Number of protein chains: 2
Amino acid sequence: MNPKTTPAAPAREGRPLPTLEDLARAAGVSRSTASRAINGGSRVSPAAQAAVDAAIAELGYIPNRAARSLVTRRAGSVALVIPEPDARVMDPYFAAVVTGVNQSLRDTDIQLVLLMSRAGDDSSRTLRYLRGGHVDGAIVVSHHRADGWVETLGSTGLPTVFIGRPWDRKSELPFVDLDNFEGGRLAARHLAGTGRTHLGTVAGPKDMTAAVDRLDGWLQGLKEAGLKPGPIVHGDFTTAGGAEAARKLFGQAPALDGVFAASDLMALGVVEAVRGAGKGVPEDVAVVGFDNHSIQAPNGMDLTTVAHPMVEIAKNAGQLLIRAIENTGEQLEPVIYPAELVVRGSSVM
Amino acid sequence: MNPKTTPAAPAREGRPLPTLEDLARAAGVSRSTASRAINGGSRVSPAAQAAVDAAIAELGYIPNRAARSLVTRRAGSVALVIPEPDARVMDPYFAAVVTGVNQSLRDTDIQLVLLMSRAGDDSSRTLRYLRGGHVDGAIVVSHHRADGWVETLGSTGLPTVFIGRPWDRKSELPFVDLDNFEGGRLAARHLAGTGRTHLGTVAGPKDMTAAVDRLDGWLQGLKEAGLKPGPIVHGDFTTAGGAEAARKLFGQAPALDGVFAASDLMALGVVEAVRGAGKGVPEDVAVVGFDNHSIQAPNGMDLTTVAHPMVEIAKNAGQLLIRAIENTGEQLEPVIYPAELVVRGSSVM
DNA sequence: TTGTAGGCGTTATCAA
DNA sequence: TTGATAACGCCTACAA
C-alpha cells in the first residue's frame, strides 16, 4: 500500500451530480421507492414509476456505481487482462478476442474494460484494480509462463476465465482453447501426406502454452508419419520474426521442402524468406500456418492453415465468465475446440 | 435505467475479503489509525505503522475501491474511449495512443481502462459507466462527427481531453492534436515543388476532423501553388480502402503524376494500385502519405509522409487529463503539434 | 499520536 | 405498495 503519486484529492468542481435523495424528492417519493423504480420496478405503482422516470429524465440522474457496488457487491463490469507490452496489444488476435468477448456481453448490462499490464511494469497496480472490487470477473488472454496470473488470480477468488490453456495444470480455473496439439498434428499429417519429407519448424514463444502444444502435436504427427523432425527455430508470432526464423532454418538445412509455422503471421514471413531465396511456394517449399487469419501472401497466394475460431472462443469465454460470476456452484469445465485443417495454395500445387 | 439482463446478484462464495476493520483488529489499532497508515502514514507512530504493514501482508488486505471512492470521490482510474467498431480497434494508431497514454500514467497510481463503444451499439452503457463514478476522467480518441461525445461529456463535467480536434468548435474541452491543416499544405507544396502538376487526392473519412483538416490544408497548398485540385476520393484510412480509392482516381484521370493520401496505410494502397496498373512509383506517380508509420511498400520503397508523433501526442493528452482532474481552476488550452514533412523515396527519384 | 463518530449514495430488510 | 432504518467499507474532522 504505497501509492506513488496519488494526486491530492480536491473534489471536482461544478454542481454535484444528483443523488438518489434528490431524485426521490423531485419525484415526490421515498428513496426506497425511487430505488425500486430504478431497478426493474417490481412492487412499484405505475404512478410512482412514472414520477420517478420523469424525474430521472429531468435531473439526468445516473446511479453512483461505487455506492451501488458497495452494497450489491457487484461492479457491473468485467476485465479483459492483456499481459503484453502495449506495442503488441494491437494485433489481429486481440481484435478477435475483444470482438468475441463483447459479443458475449451484448445482452448484458456489463461493461468490458481492457487492462494492459506491461510485463516488467508494476502489474500490482492492475492486481489492486482487479482485487479492489472494480470488476466482477476477469478474462486473461495471452498468458505467459512467468506472469503469475494463474496463481495470483486463483488465490483471490475473483471469477476468472483464461483464453488459452494456462500453465499451471493443477489450476482449477476454467479456460477455453483450441485443440492446439491436434492442430499441430494435422499439419504434420498433411505435409507428410503430400510427400514432403524434409520439414522445418518455426515454433512460437516457449513461454506460451499455445506454442508448446502446437509444437508437441506437430512432433507427434511427424513421429506417427515416420518422419524425423528437422531443424526447429522459435519465433515471436510476428511476420518479421517468422522471416528471420525461416532464414535460420534454411541456413541449417537448405534442402527443406516443407515448413510448419505456428502462426499465419510467421508463415507469411516464411513465404517471404523462401521467395527471397529465389525459391517457390509451394513448388519448392510447402508452407503451413496456424490461425486461419485469412491473410494473403503478397502475390495472392493463400495459406494452408489450421482454423482457429478466435472470436467464437472468446465469446465462449465471456459466457463462461458470466456463469462463473453468477456462480450456481457448478464446477466449470474447460472448453476445447477441435482443430481443423484448411488446405490452400501454399502447400499443394 | 432499464438494465437488460442484470444477472441476479448472489454474492460470490468463498471467504469474504478482509476489511479495514479486520486489518485494524489484526494490527491491534483502531480503524482510523489503520486507514492513516495505509494512506501515506502521516501522524502514525512507527510502531503502529509497522503493525499495520505486517497485518496487511498477513491478511493480503487490499482496500475496497468502491468504498474508498465513495468518500474520496476519486476512482483511481481514467478511461480511454474508443468509439470504433471493435474490428478497427487494433490498428497501429491505437497502439500508439495506448502506449502514449500509459506513459503519462507511469508515475501515477492511476489505472488506464479502455472502453470500446461500437457505433450503433448502445453507447449509453459506456456513458453510464463514465458518469457513474467509475473513472476520474476520460480521453476520447478517434472521435466522429455524429457520435455525440463532445456534447455528452461536455455536459457531465467529467474531466475530458480529446486526442484530435473535436467537431464542436464551441466546445471548451481541451484537446491535443497535430497541425493537420499545415501537414496537408506541406504535402501540396512538396509535390508542386518537385514539378508534379496532375494531382489526385485520397482523403480520409468525412466525419473525422483530422481527415477534413488535412484535405483543407492540401487544397489550400495547391491553390497557393497555382495548381488545380484534381479528382478527390474519400477512403477509410485502411490500405484496402486506399487501393480502391486510387483505382477510382486513375479511372477518372489516367494522367495523374502525383497522389496525396491522408494516411500511410492508404498511401500503401495507392502504391499497390499504381504498380498494379503497370506504372512506377515515383517515376510515373509520386505518392505522399500521412502519419510516418514507418511502413515500407513491398519492395522496400519508403514513403514520403507527414510526421505524426502519436505517442507523444497521446502522452501529452494524458498529462493534460491529469491536470484537468487535479483541476487547479486553470483553463486548459489545446495543444497543437507542428507538422513536418519527411521526404523519402516515394515522391522523389 | 490515537480513537470516536459521522457520512459518502445505494440497496435490502421489515414493518406499516 | 410504501417508507423508515440499517448496513456496505472507507476516510476524516474532531476530540481526547
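Numbers restart at 1 for each chain; the letters A, B, ... are given by sequence-line order, proteins then strands. Owing to the predicted nature of the structure, the values given are computational and were not obtained by experimental measurement.
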Open item on the list: Tell me the interatomic distance from A/Ile38, atom CD1, to C/dT10, atom C1', rounded to whole angstroms.
Closed with: 9 Å

- [ ] Determine: side-chain N/O of A/Ser30 to OP1/OP2 of D/dT2, distance under 4.0 Å, yes or no.
- [x] no

TODO: Give a yes/no on whether any side-chain N or O of B/Thr19 is located under 4.0 angstrom from OP1 or OP2 of D/dC10.
DONE: yes

- [ ] Using a 4.0 Å heavy-atom cut-off across all strands, classify B/Ala48 as base, sugar-phosphate, or nothing.
- [x] sugar-phosphate

Task: Atom-pair distance (CG on B/Leu17; C1' on D/dC10), nearest Å - done: 14 Å

Open item on the list: From CG of B/Leu20 over to P of D/dT12, roughly how many Å is that when rounded to an integer?
Closed with: 12 Å

Open item on the list: If we ignore hydrogens and angles and just use 3.5 Å, is the side chain of B/Asp136 paired with the main-chain N or O of B/Val78 as donor and acceptor?
Closed with: no

- [ ] Evaluate the criterion side-chain contact (heavy atoms from CB on, under 4.5 Å) for residue pair A/Val140 and A/Val161; output intermediate values, then yes/no.
- [x] CA-CA 6 Å; A/Val140 180; A/Val161 174; over 6 Å; no

Open item on the list: Can you confirm whether the side chains of B/Arg73 and A/Asn64 place a donor and an acceptor under 3.5 Å from each other?
Closed with: no

Report all interatomic pairs (protein N or O, nucleotide N or O of nucleotides 5-7 of chain C) with separations under 3.5 Å.
residue	atom	partner	partner atom	Å
C/dG6	O6	B/Arg31	NH2	3.2

Task: Atom-to-atom span, CZ of A/Arg43 to C1' of C/dC14 - whole angstrom - done: 10 Å

Open item on the list: Show, in sequence, the C-alpha distance, side-chain angles and deciding distance for A/Leu17 and A/Ile62, and conclude whether the side-chain contact (heavy atoms from CB on, under 4.5 Å) test is met.
Closed with: CA-CA 8 Å; A/Leu17 268 38; A/Ile62 292 199; over 6 Å; no

Task: N or O in side chain of B/Arg65 less than 4.0 angstrom from D/dG9 OP1/OP2 - done: no

- [ ] Check every strand shown and say whether A/Ser45 touches a base, only sugar-phosphate, or nothing at a heavy-atom separation below 4.0 Å.
- [x] sugar-phosphate

- [ ] Look only at the side chain of B/Gln49 and the backbone of B/Val44, and say whether a donor-acceptor pair between them is shorter than 3.5 Å.
- [x] no

Task: Backbone of A/Val97 reached by a side-chain donor or acceptor of A/Thr99 within 3.5 Å - done: no

TODO: Examine distances only and state if a side-chain atom of A/Thr72 and a backbone atom of A/Arg68 form a donor-acceptor pair shorter than 3.5 Å.
DONE: yes

Task: Under 4.0 angstrom between B/Asn64 side-chain N/O and D/dC8 OP1 or OP2 - done: no

Task: Nearest-nucleotide pick for A/Leu70, side chain only, options being C/dG9, C/dT11, D/dC10 - done: C/dG9

Open item on the list: Please determine whether any donor N or O and acceptor N or O are separated by less than 3.5 Å between the side chain of A/Arg36 and the base of D/dG3.
Closed with: yes

Task: Below 4.0 Å: OP1/OP2 of C/dT11 and any side-chain N or O of A/Arg68 - done: yes

- [ ] Report yes or no: does A/Gln111 contribute a side-chain atom to a donor-acceptor pair with the main-chain N or O of B/Tyr129 at less than 3.5 Å?
- [x] no

- [ ] Find the distance B/Asn39:CG to D/dC10:P and express it as a whole number of Å.
- [x] 10 Å

Open item on the list: Between P on D/dG3 and CD on A/Glu21, what's the gap in Å once rounded to a whole number?
Closed with: 12 Å

Open item on the list: Is B/Tyr61 close enough to D/dC10 that one of its side-chain N or O atoms is under 4.0 Å from OP1 or OP2 there?
Closed with: yes

- [ ] Please round to the nearest 0.5 Å and tell me the distance separating atom NZ of B/Lys315 and atom CZ of B/Arg106.
- [x] 8.0 Å

TODO: Whole angstrom is fine here: how far is it from CZ in A/Arg73 over to P in D/dA7?
DONE: 14 Å

Open item on the list: Can you give me the bend angle of the helix from C/dT1-D/dA16 to C/dA16-D/dT1? Use the axis through the first five pairs and the one through the last five, nearest 10 degrees.
Closed with: 40°

Task: Length of the CG-C1' vector between A/Asp22 and C/dC8, whole Å - done: 13 Å

Open item on the list: Could you tell me if A/Ser30 and A/Thr33 have a donor-acceptor pair between their side chains, going purely by distance under 3.5 Å?
Closed with: yes

